[in-house]
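Step one of this worksheet: look at the structure below.
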Amino acid sequence: MSQSPLPPVVIGAGPAGIRAAVTLARHGLSPILLDESPRPGGQIYRQPPAGPGQRSASELYGFEAAKATAIHQALAPYADRIDYRPDTLVWNVERGALDLLSNGRTATLAYHSLIFATGATDRVLPMPGWTMPGVFTLGGAQIALKAQGCGIGSTVVFLGTGPLLYLIAYQYAKAGATVAAVLDTSAFGLRIKHLPGLLALPKVLAKGLYYTAWLKAYGVPVYTGITPVRAEGNERVASVIWQDSAGRQQHTACDGLGIGYGLRPETQLADMAGCAFSFNPLDRAWLPDRDSAGRSSLAGVYLAGDGAGITGADAAEVGGERAALALLQDQGATIDPSRVAVLEKRMAAFVRFRTALLQAFPLPAARWAETVSDDLVLCRCEEITAGDLRATVRKDQPRDLNRLKALSRIGMGRCQGRMCGAAAAELLAHQHGCAVNDIARIRPQTPIKPIPIGVTPENTP
Amino acid sequence: MSRLIEADVAIVGGGIVGGSAALFLARAGKKVVLLERDRCGSRASGVNYGGVRRQGRAPQQLPLAQRSHALWGQLPDLIGEDGEYVRSGHLKLARSPQDMAVLEAYAAQVADYGLGLQLLSAHELRQMFPMIGDKAVGGSLCPEDGHANPRLVSPAFSRAATAAGATIIEGAPVSEVEQTSSGFRLRSVAQDLTVTAPVLLNCAGAWSGALAARLGETLPISAAHPLMAVTEPLPAFLPVSIGVEGGGVYGRQVTRGNFIFGGGRGIPHPVSGNAPVPDFARPERGALVNLLQQAAELFPDLAGATIIRSWSGVEAYTPDHEPIIGPSSTIPGLFHACGFSGAGFQTGPAVGAVLADLVMSGQSVTPIAAFSADRFR
Ligand SMILES: Cc1cc2nc3c(=O)[nH]c(=O)nc-3n(C[C@H](O)[C@H](O)[C@H](O)COP(=O)(O)OP(=O)(O)OC[C@H]3O[C@@H](n4cnc5c(N)ncnc54)[C@H](O)[C@@H]3O)c2cc1C
Ligand SMILES: Cc1cc2nc3c(=O)[nH]c(=O)nc-3n(C[C@H](O)[C@H](O)[C@H](O)COP(=O)(O)OP(=O)(O)OC[C@H]3O[C@@H](n4cnc5c(N)ncnc54)[C@H](O)[C@@H]3O)c2cc1C
């Protein structure tokens, strides 16, 4: 190890990364904070582009306005200590250094210690009609509302599962859109069954119940235990066909549809760095291994927030601070043990809550894989259908997603499997009659997001 | 349950070379067992650039390349699919008058082999291929060279071999190999499998040296890792596969529109592994950025395009960059086919056919004397 360690690097300026950077700064370190977005806040506290006509925090973030503002302002007191670099994509990790793309220039940044706080994005299960104009992911629907101030339609349906379904429906209804239906694939009974776990965080539960009650009070139809059938329309989505919990076909007219089945952690960078991974049956995803403080399997590499397993924004703040303290501890700094105890206790409650939540809103994977029709496009980048995948399975019996990718091109397009990976994994596992953890995961390839051929290395004039 | 298979021919390695050998031998009626440690066509043969090119090969490789050229022409009959093989032409560019002189000398040297090379002046080049930037001062076109999709072609050779009656066992790393009085005994502990055969074909790619070493023979094989990248789909702009005299960058555009290009070297993966030949390879940042710059220089229109992926592979190299093909001079019944030094995809089908010749008749129809391992002694 060198005598003067390099500044710690934090990737992601969402709640986890911001809390991590601030904690490091408060303890006298000068971290570098990297984020590909133009402004701090991450997914949930995403800020609209700077400029005139800004809406107020309470308009944008509702109940979370105070937290959002706190996160947005958290960096300011440490501006001289935190080297915050927005608009900076980390596109590669290799042998102890990161590659950064900013303004068409690429630069290499060596690190000794690193916190991944890369967050999560929507998890999608395709349905017939999902590639039609007017159909968005839930995240896309929320960004359209928050960042651009316009929604995905005037009469909208939200379909999928998870708490975000209700939150986004609420946000749309409040913003004046007609929410024609909230269609949840999870049965209501599951929520009752997992109520004890959900009570680990009574305030969060109360908020969730509030959104649901509000939607009911304002006449928004909410259906649980549904099965999606298809989205229909000519040039644009005009209706959603679905089956109610009694198996009856229903039809809901709309001009915008948001789909989402919970979130999937952004783990490619941790994977490239060489962190050990295990399959997590709750997330139905491969997650980097970590201890309760956020230490990965690699010395000097830490994980915080949704990028290491979906636990939500409040937990991300706690996890970010805890990971930073672990980093400080490992570097020999003195930290306040009582603060560690408080954080660990809060994190334990988040974990209980998360466990119940993921069970109350499960991914309807088996049912989807069983019923998905051959002509359904799973990968929109490469236009690969479920039938193409099934044909590849019959021909070559791929036992692993990477082989399926090599032969069928699924996951080879622009999104590199970020959108279609979950669906491909479920279908492959179903075709083999094996568990989804038995088919490996797509190996990440650099660059993790597209970079221009015309990039200039930083040291060129 | 432990298994014993007695075969006429045992093959180690299910790349394009082993797959093709299995296909031709099974068709000739031999009882063939092929052991592949991973999946067939998952290594160099499945991740290469896909160049099906004769132009630029040393004259002694051209009979082999010509035999392969004929086989590529019958690909659907051979493997049951077209593998996206197209005879797009291969255009080798010169970036200086000196490089052009090299291309001219090569064209003269190989004039008798029937490649049909056409030398292009700067003016002709601009007229025929206006998308090429002004870095190029001329070129040499081989109209019947082309490219194919290695991810599809290479596994298909093994599938076709299976259909022809070969026994192909995947997930079967050969962990022990020994000479016996009647030939060879191979063990794959992972499969609890033993294979015996009087004839053994070493088609283990970059790992061929390790296999030979276990039988007491030294082959001068080292591994290196060609670097590749691919753009998102672009409007059709490049009808021909491109190479450059002196190297640096090469590229082709596939029907879907993606531009696939290569040049420079990746690094072993995992990095910390200290095996002489790594299991995998991955890109290296400096080489990748350099490759992007070279591509942008050659094709100015590409500067705004984005790459969506890059990768590398583990390829076997020999000191003189010519392959090792033929019988072992120390161990009877053992044949090597390895060390293709970045160019064995085009020749792979013919190398399999040559191995079948050697097994069936003790002689290759195609001259291979230049590829004897003895040249390194
Ligand atoms: C649509 C949507 C709505 C949500 N609503 C709620 C809610 O109401 N309540 C709740 O508790 N949770 C909600 N969540 C979840 C919430 O967003 C997360 O729990 C929270 O944002 C996690 O914080 P984080 O810091 O871990 O990650 P994020 O907030 O996602 O931040 C990660 C940051 O990392 C950056 N990043 C990632 N990869 C790279 C890279 N390679 N290079 C550079 N930067 C990178 C991203 O740009 C991003 O800014 C929502 C999530 C989504 C997608
Ligand atoms: C990135 C890249 C680009 C290239 N571009 C081109 C090109 O454009 N044109 C061209 O002609 N050539 C190209 N090549 C070279 C070409 O791919 C190779 O020469 C050719 O594929 C070699 O085939 P092979 O069957 O010998 O090797 P491989 O495909 O590597 O097959 C060897 C097989 O042996 C198996 N094996 C090894 N050890 C054992 C064991 N102990 N037990 C069981 N199985 C074992 C391996 O798993 C592997 O599948 C390129 C190579 C690379 C890596």
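Labels below follow one simple rule: chain letters A, B, ... track the order of the sequence lines, proteins then strands, and each chain is numbered from 1.
Both the backbone and the side chain of B:E284 come within contact range of chain A, judged by heavy atoms closer than 4.5 Å. Only the side chain of B:E81 comes within contact range of chain A, with at least one heavy atom under 4.5 Å from a heavy atom of that chain. With a threshold of 4.5 angstrom between heavy atoms, B:R159 approaches chain A through side-chain atoms but not through N, CA, C or O. If you measure heavy-atom distances from A:L101 to chain B, you find no contacts under 4.5 Å at all. When heavy atoms are compared at a cutoff of 4.5 Å, B:L291 does not approach chain A at all. Interface remark: B:N258 contributes side-chain atoms only to the contact with chain A (heavy atom separation under 4.5 Å).
A side-chain donor from one of A:S278 and A:D289 sits under 3.5 Å from a side-chain acceptor of the other.
The greatest number of non-hydrogen atom pairs below 4.5 Å with chain A, out of B:R309, B:R285, B:E297, is found for B:R285.
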Report the C-alpha separation of A:D83 and A:R85 in whole Å, then their side-chain angles, then the decisive distance to 0.1 Å, and conclude whether the salt bridge (Lys or Arg N to Asp or Glu O under 4.0 Å) test is met. CA-CA 6 Å; A:D83 178 1; A:R85 304 187 197 170; 2.9 Å; yes
Salt bridge (Lys or Arg N to Asp or Glu O under 4.0 Å) evaluation trace for A:D271 with A:R443: CA-CA 8 Å; A:D271 205 351; A:R443 277 190 291 275; over 6 Å; no
Using the side-chain hydrogen bond (donor to acceptor under 3.5 Å, both in side chains) rule, take A:D99 and A:T108 through it: C-alpha gap first, then chi angles, then the decisive distance, then the call. CA-CA 5 Å; A:D99 290 288; A:T108 303; 2.9 Å; yes
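When all heavy atoms of B:A22 and B:L34 are compared, the closest pair comes out as CB-CD1, 4.0 Å. Taking every heavy atom of both residues into account, A:P126 and A:A423 meet most closely at CD-CB, 3.6 Å. Considering every non-hydrogen atom in both A:P86 and A:P38, the closest pair reads CB-O, 3.4 Å.
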When the side chains of residues 223-242 of chain B are checked against the rest of the protein, which donor-acceptor pairs come out under 3.5 Å, sequence neighbours left out?
residue	atom	partner	partner atom	Å
B:H225	ND1	B:G313	O	3.1
B:T231	OG1	B:F259	N	3.0
B:E232	OE1	A:R414	NH1	2.5
B:E232	OE2	B:T306	N	3.3
B:E232	OE2	B:T306	OG1	2.6
B:S241	OG	B:Y49	OH	3.1

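Take A:D438 and apply the salt bridge (Lys or Arg N to Asp or Glu O under 4.0 Å) test, not counting sequence neighbours, and it matches no residue.
Chain B is approached within less than 4.5 Å, heavy atom to heavy atom, by A:P398, A:R399, A:R403, A:K405, A:A406, A:L407, A:R409 from residues 398-411 of chain A, ordered by number. Interface residues of residues 113-122 of chain A toward chain B, defined by a heavy-atom distance below 4.5 Å: none.
Salt-bridge annotation for A:R380 and A:E382: absent, with no side-chain N of the basic residue lying under 4.0 Å from a carboxylate O of the acidic one.
In summary, the aromatic rings of A:W286 and A:F277 are positioned with their centroids too far apart to meet the 6.0 Å limit.
Here the side chain of B:E315 pairs a donor or acceptor atom with the backbone of B:G342 at under 3.5 angstrom.
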